[in-house]
Amino acid sequence: MKWVYIEDVKDYVGQEVEIRGWVYNKRSSGRVRFLLVRDGTGIIQGTIFSTDKDFPLFRVFDELTQESSLIVRGKIKEERRAPGGFELEISEIEVIQIARDYPITPKEHSVPFLMEHRHLWLRSQKQHAILQVRTEVVRAIREFFDGRGFRLMDTPILTPSACEGTTTLFETQYFDQKAYLSQSGQLYNEATAAAFGKVYCFGPVFRAEKSKTRRHLIEFWMVEPEVAFATLEDIIELGQDLILHIIERVLEKRKQDLEILERDTAPLERISKPFPRLTYDQAVKLLTEHGSKMVYGDDFGAPEETLLSQIYDRPVCITHFPAAIKAFYMQPDPERPDLVLGVDFMASEGYGEIIGGGQRIHDLELLERRIQEFNLPKEAYEWYVDLRRYGTFPHSGFGLGLERTVAWICKLPHIRETIPFPRLLYRIYP
RNA sequence: UCCUCGGUAGCUCAAUCGGCAGAGCGGGUGGCUGUUAACCACUAGGUUGCAGGUUCGAGUCCUGCCCGAGGAGCCA
């Protein structure tokens with residue numbers, strides 16, 4: 001008998017098939033038994049009918065518990081009353097294991113309990129839907145960059161030096177020297193961009209910040225493109241196109257999952273180019289008018305990010321930040337040297353920053369001066385400065401946080417459900 | 001690191017002024033011919049986070065600690 005996946009049963013109506021999976025739930029009503037089976041691709045309702053109280057299949061059914069593993073065989077039919085529209089008339093149940101006392105029931109549970117059982121929580125419908133959206137976003141990102149001639153150039157996770165201070169870096173041993181877990185692939189991207197023109201890296205990054213908020217993870221995934229000879233304007237255009245492409249793909253391919261999440265897709269469908277643009281100066285003025293207490297020179301706090309993204313019905317780009325609050329490598333604005341050519345994209349619906357990037361310094365003397373001003377160890381940056389010695393080139397790039405993007409698209413209250421095993425402040429189990 | 005809130009059955013929660021620790025779900029048993037987190041009846045299930053204190057009496061009040069959640073700060 002043919003083994004089929006639940007997502008494909010529509011192609012097997014009228015045929016005898018085999019489904020391998022786990023018991024999601026079961027119900028019974030007199031001489032009818034309903035068995036909900038999941039196999040990772042979906043859930044299907046199986047039925048058993050008999051007027052005989054001691055029907056052998058009933059006895060097997062009665063032994064089954066939530067999450068017991070099994071193989072069920074039977075005929076697929078269309079059935080309006082069944083969830084999903086298709087049903088399996090069960091003729092045989094082969095039990096692999098009866099699961100005893102599965103901790104997650106179909107009722108409500110608290111966040112701490114579910115986080116403690118994350119390895120099992122992944123099987124729940126909502127978590128399944130979120131992670132389906134995540135894989136679609138990843139696919140869309142790779143498709144976007146690969147389709148535009150970008151070269152995937154993965155950057156190292158173990159790095160030799162602290163980019164800017166060690167407080168936000170995880171330190172580890174690298175034989176007889178210290179190493180740090182990468183918090184961004186950007187500096188290496190700049191090197192590969194000189195070799196390949198258009199590059200991107202996509203992988204996990206690590207921040208040892210003691211952040212305990214709904215938008216921070218200790219380990220998260222970031223996709224970072226870097227483009228040789230691109231300006232701030234070019235990179236803003238690229239960021240817009242990337243976000244639009246991701247949204248378009250998810251709306252096209254994962255409508256069902258968004259429905260399970262009860263995500264109203266109308267706000268996503270409305271998003272189009274161009275995104276509103278504000279300079280830092282304009283943003284501060286606007287935020288003050290809307291009641292923010294922020295003063296010029298501050299970076300945006302969580303309330304400001306939220307407020308900004310609520311004012312507009314699509315992502316907003318903020319540019320031209322004061323140099324003092326940004327990284328050492330940011331290219332100054334030629335007209336206002338106290339500002340830098342950086343850009344942050346704030347997602348809509350209160351989700352805050354999802355992209356940060358800008359144009360990098362390509363002038364050798366200026367970069368050397370900045371490294372000094374920021375008190376960075378000169379030797380550690382020799383290779384990076386080399387990029388300005390041997391055919392320096394204006395270039396720009398950005399980083400997009402995968403989990404924040406997924407949280408926004410799914411409209412989740414917390415980022416922790418957007419990655420299979422979130423690493424959070426003081427939580428590394430399971 | 002700081003502020004706020006919380007920890008009671010396997011899970012989610014209740015317990016009036018400090019006075020007999022209780023319900024739903026899940027488990028078990030039985031019933032029901034189309035269920036949709038099915039439903040109905042019965043049933044088992046407790047070191048009230050830990051340590052101390054006040055009191056005739058503490059789940060409840062006080063002190064300390066542990067754990068968690070929300071927020072702030074931090075945050076290329």
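A, B, ... follow the sequence lines: proteins, then strands. Residue 1 opens every chain. As the structure is a prediction and not an experimental result, all values here were calculated from the model. Atom set for the values below is all heavy atoms of this structure, side chains included, hydrogens, waters and symmetry mates excluded.
- Between A/H117 and A/H119, the ring-plane angle classifies as parallel under the 30° and 60° cut-offs.
- Not a single donor-acceptor contact under 3.5 angstrom links the side-chain atoms of A/H109 to the base of B/C11.
- Across every strand in view, B/U48 sits unpaired, with no contact that passes the Watson-Crick or G-U test at under 3.5 angstrom.
- The CZ atom of A/F58 sits 14 Å away from the C1' atom of B/G31 (whole-angstrom rounding).
- Side-chain N/O atoms of A/S211 and base N/O atoms of B/C75 include no donor-acceptor pair closer than 3.5 Å.
- A straight line from CG of A/L169 to P of B/C74 spans 18 Å, rounded to a whole angstrom.
- For the pair A/K26 and A/F61, the cation-pi test (distance below 6.0 Å, angle within 45°) is passed.
- OP1 or OP2 of B/C32 has at least one side-chain nitrogen or oxygen of A/R31 nearer than 4.0 Å.
- The gap from the C1' atom of B/U8 to that of B/C67 amounts to 16 Å, rounded to the nearest Å.
- Here B/G34 is the nucleotide among B/G34, B/G70, B/U35 with the atom lying nearest to any side-chain atom of A/F49.
- In this entry the distance linking CZ of A/R38 with C1' of B/A37 reads 16 Å, nearest Å.
- Atom CZ of A/R416 is separated from atom P of B/A69 by 7 Å (rounded to the nearest Å).
- Salt bridge annotation for A/E226-A/K198: absent, with no cationic side-chain nitrogen under 4.0 angstrom from a carboxylate oxygen.
- Counting any heavy atom pair closer than 4.0 Å across all strands shown, A/K210 reaches a base atom.
- Projected onto RNA chain B by closest heavy-atom contact, A/Q45 and A/P413 fall at different nucleotides, the more 5' of which corresponds to A/Q45.
- Ionic pairing of A/K75 and A/E16 is not present here: no N-O contact between side-chain nitrogen and carboxylate oxygen is shorter than 4.0 angstrom.
- Residue contacts for A/N25: at a heavy-atom cut-off of 4.0 Å it reaches the sugar-phosphate backbone alone, with no base atom in range.
- Between A/F55 and A/F58, the ring planes are perpendicular. Angles over 60° get that label, and only those under 30° would be called parallel.
- Taking only side-chain atoms of A/E209, from C-beta outward, the nucleotide of B/C75, B/G70, B/C25 with the closest atom is B/C75.
- Contacts of A/H117 with the nucleic acid, taken as non-hydrogen atoms under 4.0 Å apart, are absent.
- A 3.5 Å limit on both hydrogen-bonding distances identifies no Watson-Crick or G-U partner for B/C74.
- Of the candidates B/A76, B/G34, B/A72, B/A72 carries the atom nearest the A/T213 side chain, counting heavy atoms from C-beta on.
- Comparing A/E304 and A/R427 against RNA chain B, the residue whose closest nucleotide sits nearer the 5' end is A/R427.
- A/R388 forms no cation-pi arrangement with A/Y390, by the criterion of a distance under 6.0 Å to the ring centre and an angle within 45° of the ring axis.
- Residue-level contact check: A/Y102 touches neither bases nor backbone, having no heavy atom under 4.0 Å from any strand.
- Residue A/S29 has its side chain nearest to B/U33 when only B/U12, B/U33, B/C74 are considered.
- Here B/U33 is the nucleotide among B/G70, B/U33, B/G68 with the atom lying nearest to any side-chain atom of A/T51.
- Atom pair A/F34:CZ and B/U35:P shows a separation of 7 Å (rounding to whole Å applied).
- Here B/A76 presents its P atom at 18 Å from OH of A/Y188, a figure rounded to the nearest Å.
- For B/G6, the paired nucleotide is B/C67, the pair qualifying as Watson-Crick or G-U wobble because both relevant distances are below 3.5 Å.
- With a 3.5 Å ceiling on both atom-pair distances, the Watson-Crick or G-U wobble partner of B/G22 is B/C13.
- In terms of phosphate contacts, A/K212 brings a side-chain nitrogen or oxygen within less than 4.0 Å of OP1 or OP2 of B/A69.
- Here B/G31 presents its P atom at 10 Å from CG of A/D54, a figure rounded to the nearest Å.
- Among the heavy atoms of the strands, none lies under 4.0 Å from A/T65.
- Between A/Y280 and A/F321, the ring planes lie tilted relative to each other; the angle falls in the 30° to 60° range.
- The residues A/R254 and A/E259 are annotated as not salt-bridged, no charged nitrogen and carboxylate oxygen being separated by less than 4.0 angstrom.
- What separates CD1 of A/I104 from P of B/U12 is a distance of 11 Å, to the nearest Å.
- Using a 4.0 Å heavy-atom distance criterion, A/S50 is classed as making no nucleic acid contact.
- Contacts of residues 75-90 of chain A with RNA chain B (heavy atom under 4.0 Å): A/K77, A/E79, A/R81, A/A82, A/P83, A/E87.
- Across all strands shown, B/U29 is found opposite B/A41 as a Watson-Crick or G-U wobble partner, with both distances under 3.5 Å.
- Taking the six-membered ring for Trp and thresholds of 30 and 60 degrees, A/F150 and A/F145 have ring planes more than 60 degrees apart, a perpendicular arrangement.
- Each of B/C74, B/G26, B/U33 was ranked by its minimum atom distance to the side chain of A/V32; first place goes to B/U33.
- Looking only at atom types and distance, the side chain of A/T41 has a donor-acceptor partner in the side chain of A/D39 under 3.5 Å away.
- The side chain of A/T47 has B/G34 as its nearest neighbour among B/A37, B/G34, B/A76.
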